[in-house]
Each structure stands twice: as structure tokens, then as C-alpha cells.
A.B. asks: 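This is the structure, below, for whatever I ask next.
We use all heavy atoms of the structure for the numbers below, so side chains are in, but hydrogens, waters and symmetry mates are not.
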Protein chains: 2
Amino acid sequence: MRIPKAVERLVSSFEKLPGIGPKTAQRLTFYLLHVPQAELDTFSEAVKQLKSNTKICSICFNVGEQDPCQICTDRERERNMICVVEEPLDVAALERSDGYRGLYHVLHGRLEPLRNIGPEELHIHDLLPRLENGTISEIILATNPTMEGEATAMYIAKIIKESRIQNSGIRKIKITRIGRGLPVGGDLEYADDVTLARSLEGRREF
Amino acid sequence: MRIPKAVERLVSSFEKLPGIGPKTAQRLTFYLLHVPQAELDTFSEAVKQLKSNTKICSICFNVGEQDPCQICTDRERERNMICVVEEPLDVAALERSDGYRGLYHVLHGRLEPLRNIGPEELHIHDLLPRLENGTISEIILATNPTMEGEATAMYIAKIIKESRIQNSGIRKIKITRIGRGLPVGGDLEYADDVTLARSLEGRREF
């Protein structure tokens, strides 16, 4: 049996998505065969319009509806700290946590030498001009606590430390890294060695 | 931060797919933000055209490009047996296995009283007219070996046995169920009780 071309096309589109293999792609496609055409049209429009109706903020590179984005233009936020994250989804997660009221800087990835992703492929060097006007007093490096995320954080810390701004002597910018340790609800017994070591390093007075 | 409407719309479209939760839907959407517009257009077209470029065969209810489908019109197939399956994907799987050269009948689901899916919602009663012309000598019930699949197979076996065709005395149609037992590459030690019991029932001479 030859699978119809229309089905094959959608299967191969689904397969390109991260975490979706050939089996899942087939399952999703055959599921959509049972769905009313109106719903397919909505889905199709949403895919088509995704990029034309979103804008990347030219200041922080977050995804939003305006440029500059809502956060960059919000006068009520603390404008003296920038939190550097890998992806727009990380901004959404931090905003949900309600623990941060400052500005953001989205890198759109992390340094991955094995995949040929260097500093030029990310918005790393766009961060320095934001520090020039002297209002920023702290940079929080909130890249993921993975091997690549740590390397990216170290690289950013290094270029800020070596930059003209940090060495002009007017004002030192504090560079911090998000706390690493046991997740809330976690279990000491099952934590890996590195996490445990980090949670001891990062201990705070009670 | 408000998530852009275009992003929200696509997230909610993804969420409607089976096995995709809110987190995965967000991840897929933000992934697509990095994809070139041309690829989004291909994806969007594939979704839109899925149903208009596929036809449901009016004989076997399989999904294909023509009606009747390739299998129903193929004169080289064995036209005396019908294999009853739940979904078009099952046809694809059986075709790949190369173990069957007969015809198919796709139910488009299984009996699920808890979800209000009865015989009327499936193509169960469309099976009987196919048996009337007397060319069919065997019906293979290949619904899934799940609770619902077994119930569906039992129901179909019952209506065929009670039907006019089976009782006209001209020719008895053999009704069979696909073999159940240990999957190839499986391990006796880890098999569940029911599967083991079935594999003993279904033993064959060596």
C-alpha cells in the first residue's frame, strides 16, 4: 500500500519537530484525519501566522507582539538588573515564578561547539551595549545548569569582566549565577553528586 | 509578561493533539519560531490539504488517494479474505509486515462504551454487505489485543455468526482472530499473565 502523498507530507513535517519520531508523526497525522476541516484550518493558520504576528524585541531579543517588548518598555520594573537566559520560554518560566522584576536578555541558544554554535550565532555581544549607559548594576546569568549552559555563563562573565565598561572604574557590575542545588520537593538520597556538591557550596545561613 | 497571541494560538492547537501536553506544545511552538518561514508554509499547507487530498475508500474505509482504494482495486490480491482492523495505520503496519495479501476493512475506532462509541460510530455494519456476494471465505479479526479491541472482535464475530449470510447454508465464512502470545524478541520472565496464558492457548506443533 502506498501512503497518500498528503499524509506523507504532514508526517514529514511533524517528523522535523524536536522529540517527534516517525511513529508519533504518523499517529498525529492519522489523528488529524478524524478532525473537522475547520479545526485543521485553525491549526494551519496558526502555523502560517506564527512568525508574522510575533516580533523579536530589538533590545532584549525576547519574543513579543511589539518592538521594544512589554518588559523593556515597562517603567515599573527594576531597570538596574538584567537576567540572561537561553530561550524565550525561560523568560515565561521566570515570570511565572514571580521572583524577578528586572529586565531580561535572551540569547536564543547556548554555546555548542559540537553543533557549530559559537558566540556569533547567539545574542551574546548584543549584551555589552546595554551595559554602557551605567544604569545596570547586576547581571544574573540564568542559562541552564547543563554543561553547555555553564560554559555559556562562564563565557559571558568573562567578556563582561574584560570589557571597557567593567574596567572604566566608574562602577563595577555585579555578575551572579542562579543558585544551583536540590530542587524543591527533591530527595537528597536520589540527588546526583554534582547537584549535592553545588547545594553545599550554595548553602545559606538559616 | 503576556505570551503573544500568535504563539498562544499555536500552543493551543498543538495541545489538542493526542499525547501532547502544555509543556510540549510550548516547546514545539518556540522551536518553530526559529524555523524559516518557507518551512512553516510547507507545514501549514500540509495541515490544510491533509483531508482534501485524501479519500476514504467507500469499500474498505482505508485512507488513500482514490476511491475505491489501491488495495480494493488490486486484482492480484487474494480477494477471498478480509482483515478487519481498527485504524488505517494498522493497515500500513500489516502491509509492511508482508504477511498478508488479502483485503482489509477499517473500522475507524473500537467499541468504547465509556466514551459513547458504539457500533453505529464505527464502520462495523458496513462489513456485512461485503460478505453477501459469497466470494469471502475468511474474516481475520485483527483489532488490537486490548480490552476494547477484544470486545470489538467478539461483537463482530457475533453479528457475522447471527447474520443471514452465515446461516444461509451455502458457505460458512471462517472467522479467525490474530494470534496472541509473546512478541518476537520478548522475554518469558517479563511477560504478563494474560499474554502467557494466551501464548499457551495459541501453541502450535513444532
Side-chain angles (χ1 to χ4, degrees), chain A residues 1-14 16-20 23-24 26-37 39-56 62-65 69-71 74 87-89 91-92 94-96 104 108-109, chain B residues 1-14 16-20 24 26-37 39-56 62-66 69-71 74 87-89 91-92 94-96 104 108-109:
Chain A
M1 187 190 77
R2 234 188 44 240
I3 288 178
K5 275 215 188 66
V7 172
E8 240 171 34
R9 263 199 295 272
L10 187 54
V11 168
S12 81
S13 280
F14 272 129
K16 286 187 190 134
L17 297 175
I20 293 190
K23 288 262 167 179
T24 312
Q26 276 198 352
R27 201 166 42 82
L28 294 177
T29 306
F30 278 91
Y31 169 81
L32 285 177
L33 279 172
H34 291 281
V35 152
Q37 184 62 37
E39 217 166 286
L40 289 186
D41 289 343
T42 315
F43 189 5
S44 159
E45 267 314 287
V47 173
K48 204 189 195 80
Q49 303 291 329
L50 176 67
K51 295 227 286 193
S52 47
N53 287 343
T54 52
K55 287 197 173 69
I56 303 282
N62 189 15
V63 172
E65 278 170 327
C69 75
Q70 265 193 320
I71 293 176
D74 188 348
E87 298 288 350
L89 263 181
V91 175
L94 283 163
E95 286 295 294
R96 266 200 310 277
Y104 290 96
H108 283 270
Chain B
M1 186 190 81
R2 234 186 48 238
I3 287 178
K5 276 216 188 66
V7 172
E8 240 170 35
R9 264 198 296 270
L10 187 54
V11 168
S12 80
S13 280
F14 272 129
K16 285 185 191 135
L17 298 175
I20 293 191
T24 312
Q26 276 198 351
R27 201 165 44 81
L28 294 177
T29 306
F30 278 90
Y31 168 83
L32 286 177
L33 278 172
H34 292 281
V35 151
Q37 184 61 38
E39 216 165 284
L40 289 186
D41 289 343
T42 315
F43 188 5
S44 159
E45 265 318 284
V47 173
K48 203 187 195 82
Q49 304 290 329
L50 176 66
K51 294 227 287 197
S52 48
N53 287 343
T54 50
K55 287 199 172 69
I56 302 280
N62 189 13
V63 172
E65 277 171 327
Q66 309 137 24
C69 74
Q70 266 192 320
I71 294 176
D74 187 348
E87 299 289 350
L89 265 182
V91 175
L94 283 163
E95 286 295 292
R96 266 199 310 279
Y104 290 97
H108 284 270

A.B. asks: Where on Gln37(B) is there a heavy atom nearer than 4.5 Å to chain A: the side chain, the backbone, both, or neither?
C.D. replies: both

A.B. asks: Do you know which of Ser44(B), Gly109(B), Ser12(B) has the most heavy-atom pairs under 4.5 Å to chain A?
C.D. replies: Ser44(B)

A.B. asks: I'd like to check Asn53(A) versus Lys5(B) (side-chain heavy atoms, cut-off strictly below 4.5 Å). Are they in contact?
C.D. replies: no

A.B. asks: Sort Glu87(B) into side chain, backbone, both or neither according to what part of it lies under 4.5 angstrom from a heavy atom of chain A.
C.D. replies: side chain

A.B. asks: Between Leu28(B) and Ile20(A), is any pair of side-chain heavy atoms under 4.5 Å apart?
C.D. replies: yes

A.B. asks: Give the minimum heavy-atom separation between Arg27(A) and Pro18(B), together with the two atoms involved.
C.D. replies: NH1-O, 3.7 Å

A.B. asks: Considering non-hydrogen atoms only, spot the tightest contact between Ala6(A) and Thr54(B) and give its length.
C.D. replies: CB-CG2, 3.9 Å

A.B. asks: Out of Asp74(A), Val11(A), Leu33(A), which one racks up the most heavy-atom pairs below 4.5 Å with chain B?
C.D. replies: Leu33(A)

A.B. asks: Checking the side chain of Lys51(B) only, and the main-chain atoms of Leu32(A) only, is there a donor and an acceptor separated by less than 3.5 Å?
C.D. replies: no

A.B. asks: Which residue out of Thr42(A), Leu50(A), Asp41(A), Leu40(A) racks up the most heavy-atom pairs below 4.5 Å with chain B?
C.D. replies: Leu50(A)

A.B. asks: Give the member of Gln66(B), Gln49(B), His34(B) that has the highest number of heavy-atom pairs under 4.5 Å with chain A.
C.D. replies: His34(B)

A.B. asks: Using a cut-off of under 4.5 Å for heavy-atom pairs, which of Glu8(B), Arg9(B), Gln26(B) has the most such pairs with chain A?
C.D. replies: Gln26(B)

A.B. asks: Please check if the side chain of Glu39(B) supplies one atom and the backbone of Lys16(A) the other of a donor-acceptor pair under 3.5 Å.
C.D. replies: no

A.B. asks: NZ of Lys48(A) to CG of Leu10(B): how many Å apart, nearest 0.5 Å?
C.D. replies: 13.5 Å

A.B. asks: For the candidates Leu94(A), Leu89(A), Leu17(A), which exhibits the highest count of non-hydrogen atom pairs separated by less than 4.5 Å from chain B?
C.D. replies: Leu89(A)

A.B. asks: What option among Gly19(A), Ala46(A), Ser52(A) has the most heavy-atom pairs under 4.5 Å with chain B?
C.D. replies: Ala46(A)

A.B. asks: Is it the backbone or the side chain of Phe43(B) that comes under 4.5 Å from a heavy atom of chain A, or both, or neither?
C.D. replies: both

A.B. asks: Would you please name every residue forming a salt bridge (Lys or Arg N to Asp or Glu O under 4.0 Å) with Glu45(B), sequence neighbours left out?
C.D. replies: none

A.B. asks: Heavy-atom cut-off 4.5 Å, strictly under: side chain, backbone, both or neither for Thr29(B) against chain A?
C.D. replies: both

A.B. asks: Side chain, backbone, both or neither: which part of Val35(B) has an atom under 4.5 Å from a heavy atom of chain A?
C.D. replies: backbone

A.B. asks: Only counting residues at least two apart or in another chain, list the ones meeting salt bridge (Lys or Arg N to Asp or Glu O under 4.0 Å) with Glu65(B).
C.D. replies: Arg2(A)

